[in-house]
Amino acid sequence: MEAPAVRAAYYAAFHQGSHVQKVQRLYRYGLKNILNYAVQRDVFHVEAAKLREEFENNKNSPAGASLLTKGIERLHSMEHPDGWILNTSYGGSKWQRNVPIPDSVSITLDYGKEPKY
């Protein structure tokens with residue numbers, strides 16, 4: 001279950017912006033993907049350090065565009081099948097559970113004092 005806006009934002013993350021922005025987004029999505037697999041923080045920190053080291057080793061590489069493409073493909077191939085979703089986000093367990101009151105409903109704050117007829 002995925003909203004079209006979520007799909008469009010995910011697509012835009014890797015297809016719009018400068019090279020630096022795309023690399024930053026790839027790193028961010030990579031960290032989120034690691035967190036989906038490694039829930040314990042000590043394991044997450046070790047895996048995050050490995051990812052950071054990999055990015056630092058390829059920082060000034062002349063083959064930046066091809067590395068970015070390979071990184072995006074690798075991220076897509078390693079995505080968690082049931083990733084973490086915030087409970088109040090689209091697809092979460094509390095999505096639209098507390099729907100805001102429509103404007104057509106009026107709230108009277110007279111605490112039971114009804115008009116006299």
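Just so you know, these numbers come straight off a predicted model, no measurement behind them.
Residues meeting the side-chain contact (heavy atoms from CB on, under 4.5 Å) test with Pro102, sequence neighbours left out: Ser104, Val105. Residues meeting the side chain to side chain donor-acceptor pair (under 3.5 Å) test with Glu47, sequence neighbours left out: Lys50. Every side-chain contact (heavy atoms from CB on, under 4.5 Å) that Ala63 has, sequence neighbours left out, goes to Ser61, Ser66. The side chain to side chain donor-acceptor pair (under 3.5 Å) check on Glu56 picks up Arg52, with sequence neighbours excluded.
Rounded to the nearest 0.5 angstrom, Leu35 CG and Gln40 CD are separated by 10.5 Å. Between Asn36 atom CG and Met78 atom CE the span is 12.0 Å, to the nearest 0.5 Å. Atoms CG and CD1, on Leu31 and Ile34 in that order, are 5.5 Å from each other to the nearest 0.5 Å. One distance of note links CG of Leu68 with NZ of Lys70; it measures 11.5 Å at 0.5 Å rounding. Separation of atoms CG (Leu75) and NZ (Lys32) is listed at 11.0 Å; rounding is to 0.5 Å.
Other cluster members for Trp84: Leu86, joined by side-chain heavy-atom distances under 4.5 Å among Ile, Leu, Val, Met, Phe, Trp and Tyr.
For the pair Asn33 (side chain) and His80 (backbone), a donor-acceptor distance under 3.5 Å is present.
Across Pro81 and Tyr37, no two heavy atoms sit closer than the pair CD-OH, 3.9 Å.
Ion pairing of Arg74 with Glu79 is absent here, as no side-chain N (NZ or NE/NH1/NH2) approaches a carboxylate O to less than 4.0 Å.
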Can I get a per-line list of side-chain donor-acceptor pairs under 3.5 Å for residues 22-30, giving both atom names and the distance, sequence neighbours left out?
| residue | atom | partner | partner atom | Å |
| --- | --- | --- | --- | --- |
| Arg25 | NH1 | Ala13 | O | 3.0 |
| Arg25 | NH1 | Gln16 | O | 2.6 |

